[in-house]
Amino acid sequence: MYKIVVRGGNELSGEVQISSAKNAVLPIIAASVMNGGIVVLKNIPLLEDVFIMCEILESLGAEIDFNTEIGELRIDSRNLKDVDPSDKLVQKLRASFVIMGAMLARFNRAKISFPGGCKIGSRPIDLHLKGFAALDSVVEKYHGYVEVKAKELKGSDIYLDSPSVGATQNIMMAATSAKGETVIRNAAKEPEIVDLANFLNAMGADVSGAGTETITIRGKKPCMDIEYTPIYDRIEAGTFIVAAAITKSKITVKGAVEEHLKAVLAKLKEMGLKIDSIGENTLIVDGRGTLIPVDIKTMPHPGFPTDMQAQFTALLSVVPGTSIITETVFENRFMHVSELVKMGANIKIDGRSAVVQGVDTLTGANVVATDLRAGAALILAGLIAEGETTVNDVHHIDRGYMKIEEKFKKIGADIKRIDV
Ligand code: EPZ
């Protein structure tokens, strides 16, 4: 177990390199077993969730070689077996549920234990199962398992009640093996959906419309061996951009794709942050001016991303004035608020909204990371709090941020990881 100790007050400077996106890499690793051959993924971040996803594939018979020196992941699924992933591993990683779409595409069958919810919400899978059933599968739930079987997957026209990222990914993967055409309506439009579609097409599938609300998949099994580099992590980039804003610093962020950050950059510019793009996915962020409060409402892409809500709550807690933050995607994603209040923030939760009154300073405290983005938000708060902030349970943070304290130290933060 580790904790991270931050001493506030340092100005940041220099440049930070963003890694590949956890939420693109995880579904792409799952989809890598669909060609029954070899896939080489490049620039793969050393994240806890990546290691767990690799462990799950190995338990299914895939051969994994992860060269962590260069972030190159080789996946050989020629000997993948039609067996069920272990409950223990599946419970450790909710995102592993996207394995179902890949296994269904490969074997016309998949069985997995119900993925745990997590602290930020109940995380239902009804839309995933609705999609599988629409593809002429039989979906059975028993003893905490979900089993999906099909004689032959058949294309279908599927409407998603809400634009679920995971359900869109699962259905997209399964539909590559369905006879005929599948249309997913009200599909999720996140950049990670587009990246998965590009990956599947590179392996020889036929997916069109990814990034829009209507995705069409023609039944064409992915069969080619390929090399692929996933997209940069827009949420990690957003997190470091907010770090410049909260510490009133000027830094360079490499691997920040403007196209993927439109809502986040729009809100930060509305607050008065200076952001210049110098091409090649590089942004110069200058937080040394005065910032004004804004209201935030999280929405499915291209709306403001829920995964940036906690970081903005930390930032707005020290911007003079009143901000209202409304979380519409998950039902319990304000757990960072009570920890920020321990540091002197003035935030009141009212249903799905948090009313933030900016304060002049925060003071360092002993706080707990309750989930991935909440943990990142507490580090951001620690960067400007008076004295020392100790963030406990940083394993949550390590799930989605590669060497976060090393990246912050490199741009001037007084931060260290302690083994407890
Ligand atoms: C993905 O989760 C991301 N995780 C999340 O990132 C992200 O917050 C989320 O998308 C929304 O952008 C990965 O990609 C691994 P959803 P996912 O299915 O796929 C409801 C992070 O911090 N819903 O779009 O689970 C559900 O209740 C993590 O990196 C149904 O009702 O998100 C939720 O409120 C956190 N039925 C909403 O949709 C379903 O069958 C969004 O869920 C599925 C979802």
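Start at 1 and go down the list; that is how both ligands and their atoms are numbered. Residues take their numbers from the sequence shown, with the count starting at 1.
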Which atoms of ligand 1 sit under 4.0 Å from any heavy atom of [X]?
{"X": "Lys22", "answer": "21 (C), 29 (O)"}
{"X": "Gly166", "answer": "18 (O), 19 (O)"}
{"X": "His128", "answer": "40 (O)"}
{"X": "Leu372", "answer": "21 (C), 22 (O), 29 (O)"}
{"X": "Ala95", "answer": "15 (C)"}

Could you check whether Glu406 pairs with Lys409 (Lys NZ or Arg NE/NH1/NH2 to Asp/Glu carboxylate O, under 4.0 Å)?
no

Name the option, out of [options], that contains the heavy atom nearest to [atom].
{"atom": "atom 2 (O) of ligand 1", "options": "Arg399, His396, Met53, Arg123", "value": "Arg123"}
{"atom": "atom 36 (N) of ligand 1", "options": "Ile193, Ile125, Asp126", "value": "Asp126"}
{"atom": "atom 39 (C) of ligand 1", "options": "Gly121, Pro124, Ser164, Ser162", "value": "Pro124"}

For [atom], what's the nearest protein heavy atom and its distance?
{"atom": "atom 24 (O) of ligand 1", "answer": "Val165 N, 2.8 Å"}
{"atom": "atom 29 (O) of ligand 1", "answer": "Arg373 NH2, 2.8 Å"}
{"atom": "atom 11 (C) of ligand 1", "answer": "Thr306 CG2, 4.1 Å"}
{"atom": "atom 40 (O) of ligand 1", "answer": "Leu127 N, 2.8 Å"}
{"atom": "atom 32 (O) of ligand 1", "answer": "Phe330 CZ, 4.2 Å"}
{"atom": "atom 41 (C) of ligand 1", "answer": "Val329 CG1, 3.7 Å"}
{"atom": "atom 8 (O) of ligand 1", "answer": "Asp307 OD1, 2.6 Å"}
{"atom": "atom 15 (C) of ligand 1", "answer": "Asn23 OD1, 3.3 Å"}

With no hydrogens and no angle check, just 3.5 Å: does a side-chain donor-acceptor pair link [X] and [Y]?
{"X": "Glu331", "Y": "Ser122", "value": "yes"}
{"X": "Tyr145", "Y": "Asp87", "value": "yes"}
{"X": "Glu55", "Y": "Ser59", "value": "no"}
{"X": "His128", "Y": "Asn170", "value": "yes"}
{"X": "Glu327", "Y": "Thr306", "value": "yes"}

Looking at ligand 1, would Arg94 count as a contact under a 4.0 Å heavy-atom criterion?
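True for this residue.
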
Judged by non-hydrogen atoms, does Glu236 sit under 4.0 Å from ligand 1?
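Glu236 does not count as a contact of ligand 1 under the 4.0 Å cut-off.
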
Do we get Arg417 above Tyr2's six-membered ring, with its NZ or CZ under 6.0 Å from the centre and within 45° of the axis?
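Relative to the ring axis of Tyr2, which defines the angle, Arg417 lies inside both limits.
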
Partners passing ring pair (Phe, Tyr, Trp, His ring centres under 6.0 Å) against His260 (at least two apart in sequence or in another chain):
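Per chain and number, His260 pairs via ring pair (Phe, Tyr, Trp, His ring centres under 6.0 Å) with no residue.
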
How are the rings of Phe51 and Phe66 set relative to one another: parallel (under 30°), tilted (30 to 60°) or perpendicular (over 60°)?
tilted

Kindly give the heavy-atom pair with the smallest separation between Ile347 and Val356, and that separation in Å.
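Taking every non-hydrogen atom into account, CG2-CG2, 3.9 Å.
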
With sequence neighbours excluded, tell me which residues meet salt bridge (charged side-chain N to carboxylate O under 4.0 Å, His left out) with Arg234.
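Arg234 satisfies salt bridge (charged side-chain N to carboxylate O under 4.0 Å, His left out) with Glu192 only.
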
Within a reach of under 6.0 Å around CD of Glu213, are more than 12 heavy atoms found that belong to other residues, nucleotides or ligands?
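Open.
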
For ligand 1, the portion of Arg333 having any non-hydrogen atom under 4.0 Å away:
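Near ligand 1, Arg333 shows its side chain, while the N, CA, C and O stay back.
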
